[in-house]
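Side-chain atoms are counted along with the backbone in the values below, which use heavy atoms only and exclude waters and symmetry mates. For ligands, and for the atoms within them, numbers begin at 1 and follow the listed sequence.
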Amino acid sequence: MATKALSFALSFNDLTNCFSSNPPQAAAAKVSVFTVRCSSGSRERPWKNSDARLVLEDGSIWSAKSFGASGTQVGEVVFNTSLTGYQEILTDPSYAGQFVLMTNPHIGNTGVNFDDEESMQCFLAGLVIRSLSISTSNWRCAKALGDYLAERNIMGIYDVDTRAITRRLRQDGSLIGVLSTDNSKTDEQLLQLSKSWNIVGVDLISGVSCKTPHEWVDKTKQEWEFSSSKVHGETFHVVAYDFGIKHNILRRLASYGCKITVVPATWPASETLKMKPDGVLFSNGPGDPSAVPYAVETVKNIIGKIPVFGICMGHQLLGQALGGKTFKMKFGHHGGNHPVRNLQTGHVEISAQNHNYAVDPATLPEGVQVTHINLNDGSCAGLAFPAQQLMSLQYHPEASPGPHDSDYAFREFIELMKQAKNRTKESLPQLSALHSG
Ligand SMILES: NC(=O)CC[C@H](N)C(=O)O
């Protein structure tokens, strides 16, 4: 049962008084404020002994303390540099098959709430953190992180040197790891398991996509709306391919006035075209874009016919559908603080990113423009092909979590659909004139 969050405000004075020259009794009374919401999920902290091992395929073994679910789990370890938003990260379906290691050392302090879900489930392999907050303090908090992960059968570990693992991943590239709380398994067995598993070439989308088409109506809630862009009454029908779609992509489209039909990853292009939408969105999604040729085929059969917008996996599938190649990056981009340059405006955006693959722009046909580049490594972060009414971003304009700098991309997609609709309207009288003539 969720405990109701206590809401209280701490002033700067309260905080400094706790630790400064106050008489001991006063300090103790104030400090108790911090521990008021210790929940069952954190009761034994911080005295618990190490009871878990993370064994990486390079043979390194990291002992840690477990929280959430127990068991043995294999996955690819990626590090995420976001400072906030761990709940959105946990519910981003694009992390299926991966352990997310947070470089921010302190996680769990705001608990979890009812609003910050990016999908109905947690699909990631597990969570790796340095320090798990022993208490939660936030007005929206409904539950402690450990309880939330246990309910969703997701393993977590803390008290592990996340900085050392991050340095290793940066130096050697992504690594497969096995996380286990099972003492009956030897280190060697876990190492063999990590070496025998691979994420490349696996279709992870089929495990996270919805099974049937459905409508989406939820917008960004009024109190959270940040965009001053006005919606001009016109409604555009968007078919959104769910390759593991984050809810905030749908909320942003709805906030910009779109009527949305979400369809499964295997939904045929012919059925989509029969629905006569104003535009199609190809969503984010987990894993290797080369492992889902059926999705590339669908994209191929739609582009050039109606305006399309690809986000992350959607961008990679568009790249392949145009005849380009994707490749696996050394350790990818994961976090809410990646600088991107918009080559059309010259502006730099701080963006939310989560990908291990990228499109090689040198392999794309003539006419396709690189519109954005990642300023950390110069990789392709966005594409446009005006002749085919196509735009795509390798990163996440919907943020969640992350800054809102790139939200304008949704407005640009609306513009693309508007132009296409106006062109159709203009060409209709000419066509009827032709017929009558
Ligand atoms: N967020 C996403 O769509 C991820 C795309 C792809 N799975 C990658 O890792 O590159």
**Q** Report the residues that fulfil side-chain hydrogen bond (donor to acceptor under 3.5 Å, both in side chains) with Glu349, sequence neighbours left out, ordered by chain and then residue number.
**A** Tyr395, Ser406, Tyr408

**Q** Using side-chain hydrogen bond (donor to acceptor under 3.5 Å, both in side chains) as the criterion, list what pairs up with Ser270, not counting sequence neighbours.
**A** none

**Q** Would you please test Cys210 and Val262 for side chain to side chain contact (heavy atoms under 4.5 Å, CB included) and show each step?
**A** CA-CA 8 Å; Cys210 65; Val262 184; 4.2 Å; yes

**Q** Got a salt bridge between Glu225 and Arg252, using NZ or NE/NH1/NH2 to carboxylate O under 4.0 Å?
**A** yes

**Q** What does the list of residues with a heavy atom under 4.0 Å from ligand 1 look like, ordered by chain and number?
**A** Ser94, Asn284, Gly285, Pro286, Gly287, Cys312, Met313, Gln316, Asn354, His355, Asn356, Tyr357, His396

**Q** Please determine if Arg140 and Asp116 form a salt bridge, counting it only when a charged side-chain N lies under 4.0 Å from a carboxylate O.
**A** yes

**Q** Quick one: ring-ring contact (aromatic ring centres under 6.0 Å, His included) pairs with a partner in residues 278-302, sequence neighbours left out?
**A** Tyr241-Phe282

